[in-house]
Amino acid sequence: NHPEIALDLIAHTNENTIQKVIDGTIDIGIIYSKTRHPMVEYELLQEDYFVLVGRKDLDTIDLNALKGGNFLFLDWGKPFMTWFNEIVGPHFIPAFKINQTALVVKYLKSGDYFGFVPKSFVAPYLKDGELQELDHKFSSTLPRFNTYVIYLKNKNQLATDLFLERLRK
């Protein structure tokens with residue numbers, strides 16, 4: 001309906017996305033932690049939480065299991081890392097670290113690995129039984145994984161308004 005508007009989805013880090021919105025390089029960003037900047041407005045897009053998932057029926061996961069080669073680790077940002085470091089300690093080095101969400105799901109579905117992921121990322125696979133939530137012995141509650149949309153406060157362009165309208169649906 002608006003040929004003068006183009007959509008270009010590009011993955012960046014939270015910090016990079018925030019800076020690009022502030023610089024005006026991009027109109028809208030989707031991030032995983034709130035930002036406090038006088039030029040930026042943010043809205044909660046989705047509330048989610050982490051689950052420990054895998055394909056095999058494993059024993060209850062404990063700290064020793066996290067030190068093994070079948071634990072697939074991804075740094076999900078500050079709230080997750082604060083929680084995770086409380087569990088494993090600040091100097092923990094995972095045997096298998098990855099930084100691509102799509103690859104995490106692929107490896108988890110392969111059956112050889114388990115890891116922490118936001119539930120919305122794996123909900124269809126949990127529903128059809130391809131993955132399952134795993135029991136664990138970690139006493140504290142897993143952190144939330146919220147998604148926010150950010151944009152400049154004083155920028156009221158058609159493209160921003162249209163995209164925000166679509167996201168809010």
Side-chain angles (χ1 to χ4, degrees), residues 9-21 28-37 40-151 164 166-169:
L9 296 175
I10 302 170
H12 295 285
T13 63
N14 265 7
E15 296 77 20
N16 196 338
T17 300
I18 294 165
Q19 191 59 52
K20 286 181 179 297
V21 168
I28 293 177
I30 297 175
I31 59 173
Y32 302 122
S33 60
K34 290 182 187 177
T35 182
R36 304 222 188 294
H37 190 282
V40 173
E41 193 74 50
Y42 70 90
E43 296 179 25
L44 179 64
L45 186 61
Q46 180 182 16
E47 291 183 292
D48 204 349
Y49 58 94
F50 288 97
V51 290
L52 181 62
V53 299
R55 193 162 170 198
K56 293 182 179 176
D57 188 16
L58 300 171
D59 293 333
T60 301
I61 304 297
D62 60 11
L63 184 57
N64 286 330
L66 297 183
K67 293 178 181 178
N70 295 84
F71 173 57
L72 183 59
F73 176 81
L74 193 142
D75 179 343
W76 293 102
K78 189 173 181 176
F80 176 81
M81 288 307 299
T82 299
W83 172 84
F84 190 75
N85 286 334
E86 287 174 6
I87 300 297
V88 300
H91 304 293
F92 177 80
I93 298 174
F96 187 2
K97 186 175 181 180
I98 194 166
N99 71 349
Q100 294 292 321
T101 306
L103 291 177
V104 169
V105 174
K106 177 183 175 183
Y107 279 106
L108 291 172
K109 287 172 44 181
S110 78
D112 294 330
Y113 302 97
F114 66 93
F116 295 101
V117 293
K119 188 164 187 174
S120 65
F121 286 40
V122 294
Y125 309 112
L126 293 170
K127 186 177 180 180
D128 71 12
E130 195 168 356
L131 290 173
Q132 60 184 350
E133 283 190 54
L134 303 175
D135 292 328
H136 58 82
K137 291 186 177 182
F138 309 118
S139 58
S140 62
T141 305
L142 290 164
R144 304 215 40 92
F145 183 76
N146 295 332
T147 306
Y148 301 90
V149 61
I150 63 168
Y151 50 93
L164 286 172
R166 182 155 309 249
L167 282 175
R168 289 176 185 137
K169 290 181 183 180

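These numbers were taken from a predicted model, which means no experiment stands behind them. Nothing fancy with the numbering, it's 1 onward along the sequence.
Residues Ile150 and Ile28 are not in side-chain contact: their nearest non-hydrogen atoms beyond the backbone lie 4.5 Å or more apart. The shortest distance between side-chain heavy atoms of Phe114 and Leu131 does not fall below 4.5 Å.
Between Asp135 and Leu52 the shortest heavy-atom distance is O-CD2, 4.4 Å. Of all non-hydrogen atoms in Ala95 and Gly68, the two that sit nearest each other are CB-O, 3.9 Å. Residues Thr17 and Gly29 come closest through the heavy atom pair CG2-CA, 3.5 Å.
Ring-centre distance between Phe145 and Phe80: not below the 6.0 Å cut-off. For Phe50 and Phe116, the distance between ring centers is not under 6.0 angstrom. The aromatic ring centroids of Tyr113 and Phe71 lie 6.0 Å or more from each other. A distance of 6.0 Å or more separates the ring centres of Tyr42 and Tyr151.
If you take NE2 on His136 and CG on Leu66, they are separated by 10.0 Å, rounding to the nearest 0.5 Å. If you take OG on Ser110 and CG on Leu72, they are separated by 8.5 Å, rounding to the nearest 0.5 Å. Atom CG of Asp62 is separated from atom CD1 of Ile87 by 11.5 Å, given to the nearest 0.5 angstrom. Atoms CG and CH2, on Leu142 and Trp76 in that order, are 13.0 Å from each other to the nearest 0.5 Å. Here Tyr148 contributes atom OH and Asn14 contributes atom CG; the two are 10.5 Å apart, rounded to the nearest 0.5 Å. Here Arg36 contributes atom CZ and Ile18 contributes atom CD1; the two are 11.5 Å apart, rounded to the nearest 0.5 Å.
Qualifying side-chain hydrogen bond (donor to acceptor under 3.5 Å, both in side chains) partners for Asn146, counting only residues two or more places apart in sequence or in other chains: none. For Val105, the side chain to side chain contact (heavy atoms under 4.5 Å, CB included) partners at least two apart in sequence or on another chain are Lys109, Val122, Tyr125. Contacts of Tyr49 classified as side chain to side chain contact (heavy atoms under 4.5 Å, CB included), with partners at least two apart in sequence or in another chain: Val51, Lys119, Arg144. Every residue was checked against the side-chain hydrogen bond (donor to acceptor under 3.5 Å, both in side chains) condition with Thr147, not counting sequence neighbours, and none meets it. Residues satisfying the side chain to side chain contact (heavy atoms under 4.5 Å, CB included) criterion with Asp75, sequence neighbours excluded, are Phe73, Met81.
Other residues, nucleotides and ligands contribute over 12 non-hydrogen atoms within 6.0 Å of the CG atom of Leu44.
Residue pairs meeting the side-chain hydrogen bond (donor to acceptor under 3.5 Å, both in side chains) criterion with at least one partner in residues 82-103, sequence neighbours excluded, are Trp83-Ser140.
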